[in-house]
Every structure is written in C-alpha cells, then in structure tokens.
Engineer: 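This structure is in structure tokens; I'll ask about it shortly.
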Protein chains: 2
Amino acid sequence: MARRDTRELILATSLGLFNEHGEPNVTTNLIADEADISPGNLYYHFRSKDDIVIELFKRFLARFQPLIDIAADERINAEDLWLQLHLAFEVKGEFRFLYRNLADLTARIPDLDRAMRALLERERRSIENLMTGLGKSGLLDASGVQKKLLTQNMLLALTYWIPFSDLQDPEGLEDGSAQIYGIARVLLMLTPHLREPESSQLTDIAYTYLSRVV
Amino acid sequence: MARRDTRELILATSLGLFNEHGEPNVTTNLIADEADISPGNLYYHFRSKDDIVIELFKRFLARFQPLIDIAADERINAEDLWLQLHLAFEVKGEFRFLYRNLADLTARIPDLDRAMRALLERERRSIENLMTGLGKSGLLDASGVQKKLLTQNMLLALTYWIPFSDLQDPEGLEDGSAQIYGIARVLLMLTPHLREPESSQLTDIAYTYLSRVV
DNA sequence: GTCTATATCTAGATAGAC
DNA sequence: GTCTATCTAGATATAGAC
C-alpha cells in the first residue's frame, strides 16, 4: 500500500478505537491489529502513540478552528447560531476521545496542552463576542457577572456535553441525537436572557429540531 | 503502626495524590513512597489499586448520598438550596479524582460503574424533585422539554464543573472559590425560570456569595 | 513499506524473611 | 505489620530481514 494510504488508515483506525474505548485503553498493537498491519509498520509511519494523538488533534483543529472564527463576527442571526453550534458539536463528536481524557492528554503532551488551552480561550472569546454583539443590538439583558457565568456555562456545555452524553448513552452520539440535545442545551441557556421576539424565535427553532429526535 | 492507622494513611495519601495528578498517573509505588511505607505493606492492606479506589468511592458516597436525599423532600427555601449545593460541590471537590477520570474508572471497575450510574440517576431525580416542588408552589415557569434540558444542564454542571475548573485553575479548588462559582453557575440556570420575587432573591444570594471571591 | 522478532521499561502484584 | 526482593504482564518502541 502506498505510504500515504497506510498513514491515513492508521489515523482512521486510531480515531475509531480511541472514540470507542478511550485513548488510554487502546494499545498500539490493537491499532495495528485492527488496521491489519504489523506493529512495526505502525511505528514506521508514526514515531510514537502520542504522535498519532497529536496528528488527530491537528485534524480536529483544522476542522474546528474556522467555526469559532465565524462567531467572532459581529451580527449573527438565529439560524446562523444554530448552524454554527451544530457544526461545532458534530466535529467534537467525531473527535470525542480528545475530550474524554482531556486532563490526562494535556498533562502528558505539552504541545497539546498549549494548543488546547489556546483553543478554549478562543472559544471563550468567541462566546463573549457573540454576547457583546447581542448586547449591542439590545437583545441581551444580562449584567456583567451574569454574562461571565453564562459564558462559562456555555463553554462547560460545549466542552463536556459530549463526554457526559457518551457516559450515559453512547449510541446517541452515533445517530446524532446527542448533538441535537447539546445544541438545544446551549441555546436554552441563552434564551431566558434574550429580549422578545428573538427569545421566542430561538426557542421555537430549538424545539423544531428537538422534535426530530425526541 | 496499628493496622487501622496504616490503612487510613494509605487512603489519605492516595486521595491526595489522585486528586493532584490524576489516578492513572499515580502508581502504587508512589503512594507507598509518599506514605513512607513499603510497596509490600501497601498490598498487605489492599488487594489491589482498584481496591483503594473503591474504598475511596465508598467514603465519597457516604458523604454525598445524604446530601441528595435531603433535596428529595418537597419544599426548599433559597438558603437551603444554596447550602445543599455548597456541600455537594465541597464533597465533589474533595474527591475530584473520581470525576476527572470518570469514563475510564467506570469502564475498568464494574462495581464502580453500577454505583456511579445509580448515583447519577439519584442526582437527576433529586433535581427533578426540586423542580417539581417549585412548580407546585407556582414558582417555576418552564415547559416539560425545558425542564428536561434544565435538569440535564444542572446535572452536567454538577458533574463536570469541578474537572473543568481543575483544568483551567487548579488553585481555585484549593481555596474554595471554584466551588462558589459552581454554585452560582447552577443557580443562574434556575433563576431565569423562577417567578418573582423568588428569582431576584436567589440571584441576590448568589451575588452576595460571589462577591466574596471575585 | 512491511514484516517478525525482540528489546526495554514500568506498573501492578506476590513471596518470604523478620 | 512491615520489609526487601522479585515476579509477571503488558505496553511502547526498535532492529533487522525481506
């Protein structure tokens, strides 16, 4: 098999196994076995197991980073917000192993630690930008402290809803229903602080999508 | 040293190290070293490392279980709710290693998996009881779907705020400020759905406590 | 590029003396 | 009850043939 193909095969296999069993529970031998290659071959393509994790993280970042840069723009309507959340949860679901063992992975791999901290910070700023935009439009009614707590609550849901859901109902992530719940969850945090009619509009949109999976 | 003392010493040392470094990163040799005993002695008192984890979980449960049984009662005033949340976050902070590696610990230790699932379910019901009580008193204004999402959001924060906070600011858990934020965070989810004057009352209480740490 | 065989290392756990 | 010494298993990673 061509060099490129095997490398991609290893990555795809690793991602699947990592997501299913958790990264610490997946050995390099298992990856090789599942990919129908030898352990030695795996180490021809990757220097270490951490190297695989780092490469997967890069792929995740390439997909995810653009999504939060969009939100840094000023105005955003309800449909856009939904779509953006949808894409965000979708990508995080595809790379959910990263969030399942976040603390240990960052403790073990300094590069990942830096990158993940930076990413969380960007996400936080992205949410702040969103709220600032809503505030300027006179749509958001919340004090400074409320905004701060609200931001952290949304970030918490954006970070840990996927692992939390995985814990209780792993299948929900496969069929996409868990992602829908995640979106609705984040929107519900926001709507009580929005002025009408936007609050009701966003609530309606959330309910419409929710009705597909409930 | 008496049998009892050494056993307790091992547990206390393990808890400290687990919380600080994460359970997977703490070896039995390190525990023994830190406790100034031999590895062999450790295995005289505990059959396995998992045994230590299970015993610590039992201690956690003995502290935590009573807290959520209180909430299952009908009426609860704002001060009680605050106190209950405070105690809950305090205990979870003391045993935070359990939540940092929740998925892997439950995957590895079947007894812990069952117990943790049962605990999460009890917590969920406890929150539902709280909201049902508030609804009966005419204080809570939320639809069925909203209640469900709100419940899950609160449970998410109750489960993952501690690890999330640990990730960003480990010291906040030592001085207790992270716990205060956790409480305010959960209360803020609830207040937008409460009728006046209870909503404002609860918000004021949250702010009062928050002002101590901001 | 890929394989088989193996080195290395570390963790959990045990044996047996004291 | 506690120690020292050691076993064993399993994981990452490498060496060298093909």
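Just so you know, these numbers come straight off a predicted model, no measurement behind them. Reminder, nothing fancy here: chain letters follow the sequence lines and each chain counts from 1.
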Engineer: So among A:I109, A:N101, A:L15, which one has a side chain to side chain contact (heavy atoms under 4.5 Å, CB included) with A:V53?
Structural biologist: A:I109
Engineer: Would you please name every residue forming a side-chain hydrogen bond (donor to acceptor under 3.5 Å, both in side chains) with B:R96, sequence neighbours left out?
Structural biologist: B:E174
Engineer: Is the distance from the ring center of A:F60 to that of A:F64 below 6.0 Å?
Structural biologist: yes
Engineer: Rounded at 0.5 Å granularity, tell me how far CE in B:M116 sits from CZ in B:F57.
Structural biologist: 4.5 Å
Engineer: Apply side-chain hydrogen bond (donor to acceptor under 3.5 Å, both in side chains) to A:Y181 and list each qualifying residue two or more places apart in sequence or on a separate chain.
Structural biologist: B:K148
Engineer: What is the distance, to the nearest angstrom, from the CZ atom on B:F46 to the P atom on C:dA13?
Structural biologist: 13 Å
Engineer: For DNA chain C, determine which residues of residues 22-43 of chain B have any heavy atom closer than 4.0 angstrom to one of its atoms, and list them numerically.
Structural biologist: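 Contacting residues: B:V26, B:T27, B:T28, B:G40, B:Y43.
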Engineer: Nearest-Å distance, NE2 (A:H45) to P (D:dA13)?
Structural biologist: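 Distance check: A:H45 NE2 to D:dA13 P gives 16 Å.
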Engineer: Between P on C:dG12 and CG on B:D51, what's the gap in Å once rounded to a whole number?
Structural biologist: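 Computing the B:D51:CG to C:dG12:P distance gives 14 Å.
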Engineer: In Å and rounded to the nearest 0.5 Å, what is the CZ to CD1 distance from B:R212 to B:I180?
Structural biologist: 7.0 Å
Engineer: Using whole Å, what does the distance between atom P of nucleotide C:dT4 and atom OH of A:Y44 come to?
Structural biologist: 17 Å
